[in-house]
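Note sheet for the following structure.
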Amino acid sequence: MMSSAQEDLVPKKKSTSVVWDDFGYRKDDVSQSQELCPGLVYGDNEVCCDTQQLRTLKNNIQLPLQYLSRCPACFFNFMTLFCELTCSPRQSDFVNSTKFTEFNKTESNVDEVSYYITQTFANAMYNACKDVQAPSTNIKALSLLCGRDASECTPNNWIQYLFDIHNGQVPFAIDPQFSDVPTAGMTPMNNVTFNCTQSLEDGSGPCSCQDCTGACGPTPVAPPILPPWTILGQDAMTVIMWCSYVGFLIVFFGVVLAAWCYSSPMALDDTSTLHDPCMGTFGGPVFPWLALGGYEGTDYNNATALVITFPVTNYLNDTEKLGKALAWEKVFIDFVKNYDNPNLTISFSSERSIEDEIDRESDSDVTTIVISYVIMFVYISLALGHINSFRTLLVDSKISLGIAGILIVLSSVACSLGIFSYVGIPLTLIVIEVIPFLVLAVGVDNIFIIVQTYQRDERMPEEELHQQIGRILGEVAPSMFLSSLSETVAFFLGALSSMPAVRTFSLFAGLAVFIDFLLQISCFVSLLGLDIKRQEVAVFVGMLSFSIAVVNKVEIGLDQRLSMPDDSYVLDYFGNLSEYLHTGAPVYFVVEDGHDYKTSEGQNAVCGGVGCNNNSLVQQIYTASLLNNYTKISNVPSSWLDDYFDWVKPQSSCCRYFNTTGAFCNASVEDKTCVHCRHMTPSGKQRPHGTEFMHFLPMFLSDNPNIKCGKGGHAAYSTAVDLKENYTDVGATYFMSYHTILKTSSDFIDALKMARELTDNITQAIGPQNKTYSVFPYSVFYVFYEQYLTIIYDTAFNLGVSLAAIFVVSTVLLGFELWSAVLVSFTIAMILVNMFGVMWLWDISLNAVSLVNLVMCCGISVEFCSHIVRAFSVSTRSSRAERAEEALAHMGSSVFSGITLTKFGGILILALSKSQIFQIFYFRMYLSIVLLGAAHGLIFLPVLLSYAGPSVNKAKVMAAHDRLVGTERERLIY
């Protein structure tokens, strides 16, 4: 005697319990046999099973049906394997009972049977199914049905797993035997099979490319990587700049020698025994490559890391609910921070972590910034005065002027922040931390010029104090106005940038500099001259050549770890993320509202199953995943549309409703009033369209997956589909995949760039000619790296506009001395190019922070150059060398003490900051800006002027002669 479960599946030889219509059986019984075993047709129309066995078989194959039926040939072959075992009238040829247990004296229970199958059939079944995808899981279906990863699944171990007593799907052990020739007196089953590229006799088409590699044609090949530009095996830029530099030296020294001879100028899986499937208790899969880390290949048992993700619902316009989500994340962070287990090392992060840590970093650096300002204040107070002895320190030092200078800077910054805040322009961290340093650099320079000019001047006979101040301002104010207006215009033009950080910085900085100038010309007067030695121009040309050679080698991007404090827990999270994980961040391909999913054309443009377009959305993403090293897409997408089609099939037990109320009936519910959504009719086997499509879609999105129906869409797709107009239409939707492992900024930028390129192609393929919607990608890191897609253009544009503005303003305010403006702009351009060389040498990447610093460098460089050039242009000495010497003596000291030394003291303190971003992008870049600006403004520019400066203006010579003849300053003419 056998149990009911055994009796349901064990073969009943030559029984005629179920026959076709001609024998008078009920229509639903015949339909059931045709539905499950369409290939089960024999000459005498006899089969060896009854209705109950067919129902048991149908219940047992629900999970494979949901995943394999998307490829008709695969599912036909799969069902042939089970239908022949259950119902074939030739069972005695290939099925043999091998183990029994005695039930009574006359009857026994069957404990094990041997099922003889040809290797040819096994191979054909496997080959037809090996590429079939499980859309909701982004993996192949065999990973769920083979007891191991699909890459380790073979024809034999797949069938062995299907018949393993331990998998819970068979009532007793079935031992498959594989042989292409008769063996042990048995003739192996070798029914007809279909290749996945073939159509079935019932009219079903070939499997899609996504489910059948053979249907795809040639494998796509990534475009070749362009080889580096080389000359004689060396980097071309390096070779060109070396040759240019050597050529310059030859020409330069030739010209110098000739000039000397002429005028003598100044020198210059699961691998356990049972092969348990990776299925969670909820009925859906749990993937080892996503949940585990720190393993080699597919050796999941040796994993050393576990990934746990807690999805938190986000709210766009609901402040109250968003506050609750943020509060939950805060409690979560506090809990994990304080959790202590000696056996666990926990790395964690939440969506608010980066923002929280940046805020904490900013708070921690307040002390550093204050100390920096104090040092600069002390220096200003001491440098502005003439200290004769320690006893008169408080008298000689200009503490009041130092305080006034600091207050002017703070006032101008406060005015700028207040004005733009009033009109609704938001502040950024860069504005608060950078602009005070910028305005202090510009403002202190002008303060030193005014104060030290007053200290050096001698009051003329019968001249009042206010007259003396007016005369001094007449001498120095034009150069101050030139530099300040140039910087203001340059910064305001920087607001044309499309990058919010640069635009905001430029607006605040431009207004702050201009207000600072207005406050200065009403408060201070001074002058001090200091002669600065000049060095050979060749040194600077060499620096320029080197910088040009490496400018294209500067890295683009910003490592997020640099924005964290040294002691941040997020650093551990980032490190372990790169070391242990095997999968990158999820990427969502969003289809905007407007696509029609209710028509065949609209469905074929998106889906990836049978009948879908070869260039559909899902198919294009699948093709991109085949080139994951190039596209950075690692998996096929999870497609709610394909899973919905599988879920709603009449063969599946997923889509049911109560025939009394019409409400949805989950597959796990045992109720006779639950009926299938669609009938096994020709139209019922087709995809739903129109109102029928929308009628069952809300049910699919509300269905939780379970062991009887793993295709329920609530877990995977409840947020992926926007139902609108009272569930009568589909709005925006998304299809999720994963990026590959991304470690460096260039990896993240390439991933974003390739995803954008892919969605552009998809938009062209699926959209109508007059489309008003598009497809775009989104991943959590895109918000950080989108700026780098245009960073090169933005850098060239902002710096180019700034230089152009400086050139125009300098031309106008220098009395249309075009050549003087050219020299100012050229020197500033050299400083900028040399900054790129420093960035390459010092591992400073190009990003929004460094671009802001470069724009600031452009403005500060005006301070180093414009005063010297104007002093040169107004000098009335006879030769260029004498005029350059006079300009350096009169203005060089103010520039050197007013900006170089002032900034230098404050910058050094930045090296002590705990923040890596302060150390790299502020300390290193600020130090480079000051040193390069001082070197070019006080050394290179005077030498350049002594050789190539504009000729003396005769009108200025005559005016100076008439004004100074007969006074004590007459000696200054000669």
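Everything numeric in this text was worked out from a predicted model, so none of it was measured.
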Ignoring hydrogens and angles, tell me if any N or O in the side chain of S653 forms a donor-acceptor pair with the backbone of A667 under 3.5 Å. no

Disulfide (SG to SG under 2.5 Å) for C207 and C74? Distances and angles first, verdict last. CA-CA 8 Å; C207 303; C74 164; over 6 Å; no

Just checking, any donor-acceptor pair under 3.5 angstrom between side chains of N156 and T154? no

If you apply the rule side-chain contact (heavy atoms from CB on, under 4.5 Å), what do you find for Q603 with H689, and how did you get there? CA-CA 9 Å; Q603 294 171 359; H689 299 93; 3.6 Å; yes

Name the orientation class of the two ring planes belonging to W647 and F664 (parallel below 30°, tilted from 30 to 60°, perpendicular beyond 60°). tilted

Distance-only side-chain donor-acceptor flag, S69 / K649, under 3.5 Å: yes

Answer yes or no: is the gap between the SG atoms of C212 and C71 smaller than 2.5 Å? no

Backbone N or O of C607 within a donor-acceptor pair of the S639 side chain at under 3.5 Å? no

Look at the side chain of D180 and the backbone N and O of T120, then say whether any donor-acceptor pair between them is shorter than 3.5 Å. yes

Side-chain (N613) to main-chain (N615) donor-acceptor, under 3.5 angstrom: no

For the side-chain contact (heavy atoms from CB on, under 4.5 Å) test, which of V587, I633, V636 pairs with I621? I633

Judged by atom type as modelled, is there a donor-acceptor pair below 3.5 Å linking the side chain of D642 to the main-chain atoms of G609? yes

When you measure from the side chain of N704 to the backbone N and O of H714, does any donor-acceptor pair fall under 3.5 Å? no

Are more than 12 heavy atoms, taken from residues, nucleotides or ligands other than N614, located less than 6.0 Å from that residue's CG atom? no

Hey, would you say the F163 and F82 ring centroids sit under 6.0 Å apart? yes

Is a donor on one side and an acceptor on the other found under 3.5 Å between the side chain of S143 and the backbone of A150? yes

If you compare the SG positions of C654 and C709, is the separation below 2.5 angstrom? yes

Using only atom types and a distance under 3.5 Å, with no angle test, would you say the side chain of S779 pairs donor to acceptor with the backbone of P586? yes

Take I159 and Y115 through the test side-chain contact (heavy atoms from CB on, under 4.5 Å) and record every step on the way to the result. CA-CA 11 Å; I159 295 176; Y115 187 5; over 6 Å; no

Is a donor from one side chain sitting under 3.5 angstrom from an acceptor on the other, for T740 and N628? no

Decide side-chain contact (heavy atoms from CB on, under 4.5 Å) for R70 and F75; before the verdict, give the C-alpha distance in whole Å, the side-chain angles of both, and the deciding distance to 0.1 Å. CA-CA 8 Å; R70 57 186 282 116; F75 190 65; over 6 Å; no

Might you confirm whether atom CD of E201 has over 12 heavy atoms from other residues, nucleotides or ligands at distances under 6.0 Å? no

Residues T744 and S746: side-chain donor-acceptor under 3.5 angstrom: yes

Return yes if some donor-acceptor pair links the side-chain N/O of N157 with the main-chain N/O of E152 below 3.5 Å, else return no. yes

Pair H739 and F748, ring centroids less than 6.0 Å apart: no

Filter on ring-ring contact (aromatic ring centres under 6.0 Å, His included), then keep only pairs touching residues 596-625, sequence neighbours left out; what's left? H595-Y597, Y597-W640

Between Y644 and F693, does the ring centre distance come in under 6.0 Å? yes

Side chain to side chain donor-acceptor pair (under 3.5 Å) contacts in which one or both residues fall within residues 122-133, not counting sequence neighbours: Q119-N123, D131-T213

Quick one: does any side-chain atom of Q210 pair with a main-chain N or O of Q619 as donor and acceptor, under 3.5 Å? no

I'd like to know if the side chain of N191 pairs up with that of E84 as donor and acceptor (distance under 3.5 Å, no hydrogens or angles considered). yes

Could you tell me whether the side chains of Y734 and T719 share a donor-acceptor contact shorter than 3.5 Å? yes

